[in-house]
Amino acid sequence: WSSFATVAKLYSFQEFYTDAQYGSAFGYYSTGRILHSDGLADNGEKDNASSQEWFNSYTTLPMSLSPDFAHTLCDRLVTMWEAMGRPGAFVVAEFGGGTGMLARDILRRARDAHGGFY
């Protein structure tokens with residue numbers, strides 16, 4: 001444990017931020033690992049062997065951590081759809097500048113667990 005009295009120089013927030021963004025070992029922009037491939041697109045189309053590329057983002061986005069957030073949201077949408085009497089047209093739109101992962105994971109959950117809704 002180091003206290004202020006035992007440290008010759010404190011690591012400032014600006015130094016931390018610069019390392020986090022541009023540091024050679026793990027910097028967000030300097031490591032070259034910003035664009036990732038997510039395997040098969042799995043967008044419901046048969047015989048689609050293409051890969052889906054997406055840009056990495058900070059993991060404060062719940063859908064980046066796991067598909068569980070999308071699964072919970074999908075289950076809630078299905079409950080709302082059923083409460084409305086299962087209408088034929090039920091529009092769900094994802095707005096935002098993200099990667100589309102949330103919509104993709106909601107559609108996957110609907111396909112796999114709620115066939116009538118999908």
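Numbering of residues begins at 1 and proceeds along the displayed sequence.
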Exercise for review: For Phe90 and Leu77, work out which heavy atoms get closest and say how close.
Suggested key: CZ-O, 3.9 Å
Review point. Given side chains that start at C-beta, do those of Phe69 and Asp105 come closer than 4.5 Å, heavy atoms only?
Key: no
Point to revise | Smallest separation among heavy atoms of Ala110 and Phe117, with atom names | key: CB-CD2, 3.9 Å
Check your understanding: Does His114 reach the side chain of Asp75, with side-chain heavy atoms less than 4.5 Å apart?
Key -> yes
Review point. What are the two closest non-hydrogen atoms of Cys74 and Ile106, and how far apart are they?
Key: SG-O, 3.6 Å
